[in-house]
Amino acid sequence: MTQAESTATAALPELAAPRPWWRDAVVYQVYVRSFADANGDGVGDLAGVRANLPYLALLGIDALWFNPWYPSPMADTGYDIADYRAIDPAFGTLEEAEQLIAEARALGMRTIVDIVPNHVSNEHPWFRDALASAPGSPERARFWFREGRGENGELPPNDWQSIFGGSAWTRTEDGGEWYLHLFAPEQPDLNWEHEEVWTEHEDVLRFWFDRGAAGVRIDSAALLVKDASLAEPGDGDHPFEDRDELHDIYRRWRAIANGYTEPRVLVGEIWLPDPVRLARYLRQDELHTAFNFDFLACPWDAQRMRTSIQSALDVHEPVDAPSTWVLSNHDVTRPVTRYGREDTSFAFKAKRENTPTDLARGRRRARAAALLAMALPGSMYVYQGEELGLPEVEDIPPDRKQDPMWRRSGGVDPGRDGCRTPMPWTGEQPPFGFSPDGAARSWLDQPADWAPLTVAAQQGDPGSMLSLYREGLRLRRSVPWSGDAITWLPTDDDVLAFARGDRFVCLVNFGPEPVVVPDGAEVLIASNDLEGGALQQDTTVWLRLTDHDRNWATDRSRKEGR
Ligand code: TEU
């Protein structure tokens with residue numbers, strides 16, 4: 001520190017530390033397989049991401065989260081990891097990943113990598129060693145191997161069901177023990193009672209943090225610990241969800257993350273019905289943030305949305321963690337499709353396909369939802385293609401489907417391929433610039449009618465979804481809001497209105513009655529054109545209150561006693 005700097009610091013003792021970047025970051029989720037294919041093999045790669053970093057920088061995001069990019073047999077498109085310290089050759093090399101992290105950082109974007117601690121690939125050296133070793137061996141102790149039930153052990157050790165359907169147990173090929181897999185059989189679960197499982201993952205964290213990763217997204221973060229008695233789910237603690245011992249794991253991880261000059265960030269993928277339980281993972285010495293899936297799954301309804309938003313804020317406040325706002329990811333039905341249906345709710349294990357869908361309506365709502373999410377205090381996630389308003393692809397023929405959820409459910413669950421289709425960049429027909437000319441067929445086909453959805457088609461059009469995202473994210477950095485609190489303003493039941501500070505209001509009209517923008521308020525951005533100064537159904541606006549009307553928010557809320 002120079003003399004001048006130390007004087008400056010001494011003169012400003014009251015100055016708080018700068019706000020940590022992750023508290024209100026916009027994080028863009030890159031599903032590498034489907035982002036951009038530079039080498040023409042029909043699969044996206046790191047070179048494709050590097051070539052398109054300017055596109056991401058222009059979008060106005062703060063960080064990139066990459067779905068697993070490690071060597072994998074791809075039984076679950078990369079969530080079955082064979083080596084946590086390398087890059088799958090289909091995507092590139094470790095050196096390229098390091099370059100990518102540095103290049104993104106130079107453009108102002110941090111990198112979050114995906115860590116999968118619940119299970120490994122069945123081709124991971126640990127599991128291969130386990131299969132090659134005898135029951136009761138130390139090699140098997142890193143997993144959950146058990147004798148079967150029945151006279152000859154022909155029945156699984158218990159009735160736990162895999163999240164992808166069917167039994168959560170598979171018997172070894174020699175007809176010996178069974179092993180546990182909460183997901184596909186190619187994803188054996190690790191035993192988190194084993195010290196080496198802890199130390200290995202802590203080392204993997206350091207490996208990526210040392211290479212410049214700003215944080216990790218922790219896959220299936222509430223599933224790692226199991227009840228060793230193999231009890232069936234009942235009234236008490238769940239045998240493999242949200243168990244108390246998990247918090248010790250994340251306290252150790254937090255200490256590692258805090259050991260860096262710029263502390264690294266831990267983001268949990270935690271699906272829990274009870275937001276109070278979710279917030280326990282966000283205590284000061286545990287994870288920094290977690291995905292807010294309640295908001296994602298919430299039906300498009302003013303009061304349901306209000307309840308979801310308020311309960312997220314309520315449970316985050318006491319632990320001083322920011323909420324996150326998520327509308328989509330690689331596991332869920334695309335918002336344009338979801339919001340275009342009669343029933344706009346989402347449930348992971350009750351996905352539907354080809355139910356009547358009004359895509360124009362869905363798009364309108366998805367636009368309104370995007371501006372709503374961008375206006376809320378906390379951080380926001382954008383899943384690639386969301387900014388283009390891609391719909392779910394619902395007509396993938398069975399022989400082209402890849403997702404084990406579809407296969408293991410015997411075709412009952414449509415699977416998640418429909419939200420993983422390659423990005424359309426340019427041109428009039430597939431692969432729409434995803435791959436170079438003459439490339440191999442894309443790993444999933446794009447619909448032939450996506451020409452109007454390409455980046456090239458949208459970027460010059462001020463009315464496009466892409467322009468809405470760019471403009472909304474740009475404004476998000478400069479709007480006159482203050483603090484992390486929101487004040488709900490009194491409205492009709494079909495309308496949401498909240499203020500942030502005394503100069504900013506976000507208004508969302510869910511209902512059929514037009515809502516007139518108050519006199520004098522300046523419209524900063526609207527998800528759809530206003531008609532005669534009024535918001536039609538399924539429209540969000542951001543308003544700047546001028547001196548003349550800046551008491552509007554506070555006066556109205558006081559009057560209603562809310
Ligand atoms: O998803 C985790 C997952 O599927 C569960 O947490 C599920 O969402 C929950 O039980 C619903 O109630 C992650 C990845 O996002 C997904 O792509 C992988 O297939 C899965 O883990 C296995 O690694």
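Read the numbers this way: they start at 1 and go in the same order the structure lists the ligands and their atoms. Numbering starts at 1 and runs along the sequence shown. Worth saying up front: this structure is predicted, and the values here are computed from it rather than measured.
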May I have a table of the N/O to N/O pairs between ligand 1 and the protein that fall below 3.5 Å, each row giving the two atom names and the distance to 0.1 Å?
from, atom 1, to, atom 2, distance (Å)
ligand 1, 1 (O), Glu269, OE2, 3.2
ligand 1, 8 (O), Trp271, NE1, 2.9
ligand 1, 15 (O), Arg217, NH2, 3.0
ligand 1, 15 (O), His330, NE2, 3.0
ligand 1, 15 (O), Asp331, OD2, 2.5
ligand 1, 17 (O), His330, NE2, 2.9
ligand 1, 17 (O), Asp331, OD1, 2.8
ligand 1, 17 (O), Arg416, NH1, 3.3
ligand 1, 19 (O), Asp76, OD1, 3.3
ligand 1, 19 (O), Asp76, OD2, 2.5
ligand 1, 19 (O), Arg416, NH1, 2.9
ligand 1, 21 (O), Asp219, OD1, 2.9
ligand 1, 21 (O), Asp219, OD2, 3.0
ligand 1, 21 (O), Ser220, OG, 3.3
ligand 1, 23 (O), His119, NE2, 2.9
ligand 1, 23 (O), Asp219, OD2, 2.9

Run the side chain to side chain donor-acceptor pair (under 3.5 Å) test against Asn329 and tell me which residues pass, sequence neighbours left out.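 With sequence neighbours excluded, Asn329 shows a side chain to side chain donor-acceptor pair (under 3.5 Å) to no residue whatsoever.
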Between Asp76 and Arg416, is there a salt bridge with N-O shorter than 4.0 Å?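 Judged by the 4.0 Å cut-off on N to carboxylate O distance, Arg416 and Asp76 do form a salt bridge.
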Does a donor on one side chain and an acceptor on the other come within less than 3.5 Å for Glu392 and Thr333?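 No - no donor-acceptor pair under 3.5 Å links their side chains.
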Among Phe434, Tyr55, Phe432, whose ring-ring contact (aromatic ring centres under 6.0 Å, His included) with Trp425 holds? Tyr55
Determine whether more than 12 heavy atoms belonging to other residues, nucleotides or ligands lie under 6.0 Å from atom CD of Glu195.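 Enclosed: over 12 neighbouring heavy atoms sit under 6.0 Å from CD of Glu195.
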Between Tyr84 and Asp203, does the side chain to side chain donor-acceptor pair (under 3.5 Å) criterion hold? Intermediate values first, please. CA-CA 10 Å; Tyr84 287 69; Asp203 194 59; over 6 Å; no
